[in-house]
Structures are given as C-alpha cells and as structure tokens.
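First comes the structure, then the notes that go with it.
Counting begins at 1 with the first residue of the sequence. Whatever order the structure lists ligands and atoms in, that order sets their numbers, starting from 1.
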Amino acid sequence: MCGIVGYIGERTAQEVLLKGLSRLEYRGYDSAGVAILKDGRINAVKRQGKLSVLARELASNPLSGTMGIGHTRWATHGVPNDTNAHPHLDCSGKIAVVHNGIIENYLELKKYLKKKGHRFISDTDTETISHLIEDNYKGDLEAAVRKTTAILKGSYAIAAIHEKDSGRIVGARCDSPLIVGIGKGENFLASDVPAILDYTKEVIYLENHDIVTMTRSGVKITNGAGRVVKPKVSKVKWDISQAEKCGYRHFMLKEIFEQADVLQRILDERIRRGRIVFDELKLKESDLRCIKRIAIVACGTAYHAGLTGKYMIEEYARIPCWVDTSSEFRYRDPLVGEDTLVIIVSQSGETADSLAALREAKRRKAKTLGICNVLGSSIAREANGVIYTHAGPEIAVASTKAYTAQLAVFYLLTMYLASLRNTVKRSRLDSLVSQFKKLPSLMEDLLAEYKSDYNKIAAYAQEFKRYYHEKHNKSYFLYLGRNINYPNALEGALKLKEISYISAEGYPAGEMKHGPIALIDENPWVVCIATRSKTYDKMLSNIQEIKARGGIVIALVTEGDEEILHHSVNYLVELPAVEEFFSPLIVVIPLQLLAYYVALEFGYDIDQPRNLAKSVTVE
Ligand code: M6R
C-alpha cells in the first residue's frame with residue numbers, strides 16, 4: 001500500500017526517484033509524485049494515474065536537483081487525483097512529506113491544526129503530517145519529525161524534506177516498512193529493497209519507531225527512546241534482474257515459470273543428507289515437541305497455503321490444527337496460550353492484519369512462527385521464530401511463486417514435526433522426502449508444456465471469452481476440489497477474480513449438494529480438480545451432476561486417466577502423476593495459468609489489477 005523513496009547524493013534525483021518508484025509500483029498505482037530540492041527551493045510534481053503519467057510530465061519539464069522524495073499511491077483517504085497525490089506540502093510550501101500507512105487520529109489533528117490557522121487542500125490523512133511538522137519546526141527537521149510522530153496514531157513510513165534543511169532527508173516508521181540503502185557519497189530510503197538495488201546492496205531494515213536522518217555522507221538512526229543506535233547493515237543476496245520481467249510479457253507469467261526453480265532451491269537449502277534443516281527457526285525442539293495445537297493465521301493466498309498446511313500437519317505430525325484469516329483472529333477471543341504454536345504466513349511479512357494477529361498471539365503467550373518471503377520484514381522480526389521461503393521478489397499483485405514456496409515450507413515443516421514427535425515411521429518419512437525431491441523436475445516438465453502462448457489453457461481461455469459474450473456476460477467460474485486440494489479450489493477462484501474481475505467461487509466438491517448446485521445451468525464454467533485421490537470417484541459423480549444440468553466442465557486429471565473420457569467433460573488438463581499428498585504443488589499450476597490467460601484475453605492489467613496492492617499494510 002503505497003511506496004515511498006528518498007534520495008540524497010550526486011545523481012539527478014528525478015531519475016533515481018522515478019526508477020525507485022517503478023520498482024515499487026506493485027504497492028500502489030493510482031497516482032504518483034516527487035518533490036525535489038534545488039537551490040533551497042522545493043519543486044513538487046504529482047499526477048493522478050500510473051507512474052508513466054508522471055514520468056511523461058517530468059520528461060517534458062524535468063526537475064534538476066540531487067535530493068528528493070517520491071511516492072506511488074494506493075488511495076485510502078481521498079479519491080485518486082492530483083491534489084490527493086503525495087508529496088504533501090505544509091502551508092508555506094517549504095516542507096514536503098511522503099507517507100505509507102494510515103493516520104487514525106488525523107481528523108482530530110486536522111481540527112487542531114485548522115484552529116491554529118493551517119490551510120488544508122487535500123482530503124488525505126497525510127497532509128496533517130506536513131502541517132504538524134511545520135507546527136513543530138524550530139530549525140531542526142529531525143526534532144520536528146520526532147515531535148510529530150510522537151502524537152500520530154496508526155501506521156506510517158514517512159520521508160520528509162525542508163527547504164531550510166537542504167542537506168538532509170528525515171524518515172520514520174511505525175508498522176509500515178522502511179529501509180535505508182547505503183551508498184558511497186549517497187544514501188537512499190525506500191519501502192522495499194527493489195527500489196534501491198540498482199545502486200546498492202547494503203541495507204538497513206529500520207525498526208518500529210526509528211527515526212533516520214540521511215545526508216550524502218552518513219546515516220544517523222535514533223530509536224523510539226531517542227537514543228542513537230548502531231544499525232545492522234545487511235547485504236541483499238539477490239540481484240535486480242530477479243525484479244525484472246526478463247522477456248516475459250508480465251511479472252505474473254515470469255513468476256509462474258520460476259516455480260520449479262524456487263522449489264528446487266528450497267529443497268536444496270532445507271534437505272541435507274535426507275534430514276530437514278531450518279537454520280533460522282530459533283524455536284527450541286523441546287518446545288515444538290510439547291505444543292498441543294497449532295493455529296495458522298494468514299490472509300488471501302497465504303491463507304490458502306495455511307489451509308493446505310493444516311491437511312499436511314494433521315495427517316503426518318498429528319497435531320490438531322486450525323486456520324484463521326488474520327482479520328478474524330485478531331478481533332475474536334482465540335483459544336491460544338503457551339501450549340499453542342501460532343504460524344503466521346505472509347509473503348510480504350507486512351500485512352497489517354497478520355502483524356496484528358501475531359502481536360495478539362504473543363500477548364496470549366503463544367509460541368509464534370512466521371513463514372515469510374521478505375527478509376527483515378516486520379512479521380519475520382517480531383515472531384519468535386521464522387522460516388523464510390526464499391522465493392525471490394514477487395512483483396505481480398497476484399501471488400503465485402510465493403504460494404508454492406509457502407506450500408513447500410509446510411511440507412518440510414510437517415515432515416520435521418513428524419520426525420521430532422515420532423508420529424511417522426522413518427521409512428515413510430524417507431519415502432516422502434524422496435518423492436518431494438522429484439517434484440521440481442515434474443513441475444518443470446509441466447511448465448514446459450505451456451511455454452508458448454498457443455497452449456491448451458490459453459485456448460480454453462479464448463473459448464471462455466467467446467462463450468461469455470455469447471451468454472451476454474452471464475458466465476462465471478466455480479472451482480471444486482476435495483481434501484488437500486480443496487484450498488487449491490479457493491486459490492484458483494481467488495487468482496481468477498483478482499485479475500480478470502470475473503465472478504469465481506471455490507467450494508469443497510462435497511458441499512455442492514448443500515446449496516451451490518442450485519447455481520448450475522449452462523452459464524458457469526466449473527473447474528473440477530479430479531486428479532487421482534481417495535475421493536476421485538466422488539469427484540466423478542460431481543462432474544456428472546454438473547454435466548446433467550448443463551454446466552461446462554474443465555477437468556484437471558492425472559495423465560493417462562481413461563475413466564474420465566466416459567464423462568464427456570468439455571475440457572481436459574492432464575497433470576503428472578504424484579501421490580495425492582503432494583498434488584497441490586502440481587494442481588495449482590494450471591489454475592494460475594487459467595487465471596492468467598483469461599485476464600489476458602479480456603485485456604486487463606494483469607500485474608496491477610484494479611483496487612488492489614501487493615502488500616496490504618492498512619486494515
Ligand atoms: O503479503 P501477504 O502474504 O501477507 O499477503 C496476503 C494477501 O494480501 C495476498 O496473498 C493477496 O491475497 C494476493 N493478492 C493474492 O494473489
């Protein structure tokens with residue numbers, strides 16, 4: 001939700017800021033702006049629309065200057081327009097601020113500031129910050145920011161500049177991410193690593209309530225108590241090419257095709273001499289042996305990975321497990337305590353609801369474990385233990401490779417817990433490990449079938465569009481799965497609706513007769529996950545029931561399945577044979593591709609779907 005950048009050095013700030021913002025556009029893309037300081041004057045330009053609109057404007061009327069701040073917005077307070085776009089200035093136009101987060105007490109603060117004579121021009125919560133800094137400024141920007149943040153309620157990552165403080169950028173964070181990039185004779189501020197990777201790999205992950213003051217030659221960080229702290233500088237291990245499209249038409253497609261490699265990397269890193277290793281786990285084996293239940297808490301796609309994890313953990317580690325969406329968990333009275341392990345799953349590690357759920361679990365003395373992709377993210381740092389998924393940067397808003405990486409971690413965690421608690425024979429565990437090791441190459445072969453845009457699933461998507469128009473836009477999708485593939489039915493539906501805006505629902509197939517079957521006529525396209533499993537025959541009956549009522553069926557089946565041929569399904573997708581336990585990793589690939597190609601057919605903006613942002617740092 002919103003991306004911010006800051007630069008101070010010798011380069012042209014406009015270029016650095018625009019490049020940084022282009023790498024952060026996944027966080028929000030309804031308007032963008034920059035404020036650049038030159039010869040003691042702030043020049044701000046902001047435009048509604050994608051970053052390209054701002055870039056075009058700046059190409060025609062460039063801003064010179066070597067320090068500045070920039071922002072790409074996902075609107076919370078105030079519609080996307082030029083006025084509500086960041087940076088926001090104070091009354092005098094001498095202070096500029098960019099902000100990611102939500103200031104919950106902004107109305108109260110605005111009232112107070114208006115009474116003191118401040119004039120507001122936007123509908124945003126952020127503008128209160130620039131006026132507060134103005135109010136608190138007594139010749140020292142850092143001190144003014146400190147005084148200001150002390151009265152803000154809510155979440156923020158901010159960067160501020162002042163005309164009279166022309167050699168400094170001041171940043172601060174609370175519950176929204178902010179990192180510092182260390183260069184030679186230059187320094188950077190950003191919401192996320194890709195924004196600065198073209199220039200440096202040396203990064204400081206700021207802690208909550210830290211305030212940073214950056215000059216060309218140095219960085220000073222003070223913590224919430226006002227003490228100067230020695231920051232830990234981390235080295236980013238991945239390359240900027242990982243955050244680029246590398247010839248693919250969309251990040252989503254690139255990320256789908258990276259999945260076999262991601263899986264291979266996870267296996268190479270986590271399985272050593274047949275044993276599962278989590279170096280960074282930090283939770284004691286004795287604690288994990290004693291836990292009585294597990295709660296898995298997450299949002300969106302990560303929630304679906306968690307649901308699949310429940311099937312795995314209960315089957316092999318035999319620990320009672322439930323799964324909650326973070327937004328529900330945090331506001332009810334969950335039964336968690338010292339004997340509970342709460343696993344928070346989050347690609348970004350910054351999702352506001354998941355972070356709040358983690359804090360709630362800690363408050364209740366549960367042991368907490370984060371499964372995160374982004375290194376140094378808030379959830380990774382605040383949980384008692386962490387397992388990183390190491391999927392590399394995921395840029396497309398629709399999550400794909402992070403999901404399969406989360407599934408992979410759940411498989412490994414299940415086997416690890418099973419071995420620790422002796423719930424499965426060694427020989428069975430060894431067989432699971434060796435089957436798991438075959439998955440990357442099976443996935444690779446499957447993906448290879450879809451390398452060209454003229455593949456089977458792309459053709460089905462084309463056919464859907466034709467049918468959709470023929471049925472006067474009344475067609476939509478249902479996804480049916482059972483057992484360990486039921487969460488994949490939910491995930492398939494989520495992928496499709498978030499990028500193609502077509503209605504889609506996922507159900508456990510056995511529930512059809514309890515209501516959803518009433519929906520079936522000739523309009524819905526029903527994706528049935530009918531790979532070999534203990535419920536295969538039941539799924540065949542579901543398919544019959546749908547066909548009998550006129551529904552269009554796309555069946556995902558195991559290669560060589562001849563029985564399905566007697567069921568006159570409309571479209572078939574064959575998948576490599578794997579044990580049912582591991583099938584979610586294979587089944588999800590065609591679901592992701594189907595969502596992608598349907599959105600492509602309809603001509604939508606696949607990587608930046610409307611109304612969404614990659615990392616949801618607001619409630
Ligand atoms: O960063 P997180 O994993 O915590 O994000 C959770 C959801 O916001 C995310 O999975 C969302 O549902 C994706 N856009 C789905 O593709």
Side-chain angles (χ1 to χ4, degrees), residues 1 3 26-29 74 100 155 175-177 191-192 250-253 255-256 259 296-309 323-330 343-359 369-383 386-407 409-410 479 487-488 490-501 504 506 588 591-596 599 604-619:
M1 308 256 120
Y26 71 87
R27 302 180 66 87
Y29 32 81
W74 185 87
N100 164 212
S155 59
D175 288 348
S176 290
S191 299
D192 196 2
H250 295 99
F251 278 111
M252 181 179 177
L253 196 61
E255 288 158 8
I256 290 173
Q259 292 178 105
I296 304 175
V297 185
C299 304
T301 288
Y303 169 75
H304 299 153
L307 272 181
T308 320
V323 193
D324 252 329
T325 51
S326 312
S327 50
E328 290 300 313
F329 180 90
R330 62 181 290 192
I343 304 178
I344 310 281
V345 193
S346 175
Q347 187 284 131
S348 62
E350 299 292 348
T351 300
D353 284 324
S354 300
L355 186 57
L358 166 67
R359 289 176 181 163
L369 169 66
I371 297 181
C372 298
N373 193 39
V374 176
L375 298 188
S377 54
S378 301
I379 292 171
R381 282 186 299 169
E382 289 190 29
V386 61
I387 302 177
Y388 282 116
T389 48
H390 293 310
E394 192 181 61
I395 309 292
V397 165
S399 182
T400 53
K401 65 173 178 173
Y403 177 65
T404 42
Q406 286 157 356
L407 291 184
V409 165
F410 270 116
Y479 288 75
N488 258 342
L490 300 179
E491 176 59 9
L494 174 63
K495 278 301 79 95
L496 190 102
K497 62 187 147 195
E498 72 175 326
I499 58 171
S500 73
Y501 320 139
V588 75
L591 300 179
Q592 296 167 341
L593 288 167
L594 181 64
Y596 174 82
Y604 291 130
D605 189 343
I606 293 181
D607 286 335
Q608 297 177 343
R610 71 183 182 206
N611 304 340
L612 294 175
K614 182 76 184 159
S615 113
V616 186
T617 53
V618 296
E619 249 199 83

Any side-chain heavy atom of [X] sitting closer than 4.5 Å to one from [Y]?
| X | Y | value |
| --- | --- | --- |
| Val397 | Glu498 | yes |
| Asp353 | Val616 | no |
| Glu255 | Gln592 | no |

Distance filter under 4.0 Å to [X] heavy atoms, resulting ligand 1 atoms:
| X | answer |
| --- | --- |
| Ala302 | 3 (O), 10 (O) |
| Ser346 | 1 (O), 2 (P), 3 (O), 4 (O) |
| Ala398 | 16 (O) |

Who's the nearest protein heavy-atom neighbour of [atom], and how far?
| atom | result |
| --- | --- |
| atom 1 (O) of ligand 1 | Ser348 OG, 2.7 Å |
| atom 4 (O) of ligand 1 | Thr351 OG1, 2.4 Å |
| atom 16 (O) of ligand 1 | Glu498 OE2, 2.3 Å |
| atom 8 (O) of ligand 1 | Val616 CG2, 4.0 Å |
| atom 6 (C) of ligand 1 | Cys299 O, 3.4 Å |
| atom 10 (O) of ligand 1 | Thr301 N, 3.1 Å |

- Going by atom types alone, do Ser399 and Gln347 pair a side-chain donor with an acceptor below 3.5 Å? no
- Message: Looking only at side-chain N and O atoms, does Asp192 offer a donor or acceptor that is under 3.5 Å from a partner on Tyr26?
- Response: yes
Short N or O distance, [X] and ligand 1, threshold 3.5 Å exclusive:
| X | value |
| --- | --- |
| Gln347 | yes |
| Lys614 | no |
| Val397 | yes |

- Task: Kindly assign one of parallel, tilted or perpendicular to the pair His250 and Tyr596, based on the angle between their ring planes and the thresholds 30° and 60°.
- Result: perpendicular
- I would like to know whether Arg610 and Asp605 meet salt bridge (Lys or Arg N to Asp or Glu O under 4.0 Å); could you show each step before the answer? CA-CA 8 Å; Arg610 71 183 182 206; Asp605 189 343; over 6 Å; no
- Does some non-hydrogen atom of Lys495 fall short of 4.0 Å from ligand 1? yes
- Query: What residues form a side-chain hydrogen bond (donor to acceptor under 3.5 Å, both in side chains) with Thr400, not counting sequence neighbours?
  - Reply: none
- Task: Go through the structure and list residues passing side-chain contact (heavy atoms from CB on, under 4.5 Å) with Asn488, not counting sequence neighbours.
- Result: Tyr403, Asn485, Glu491, Ile529, Pro584, Val587, Val588, Leu591
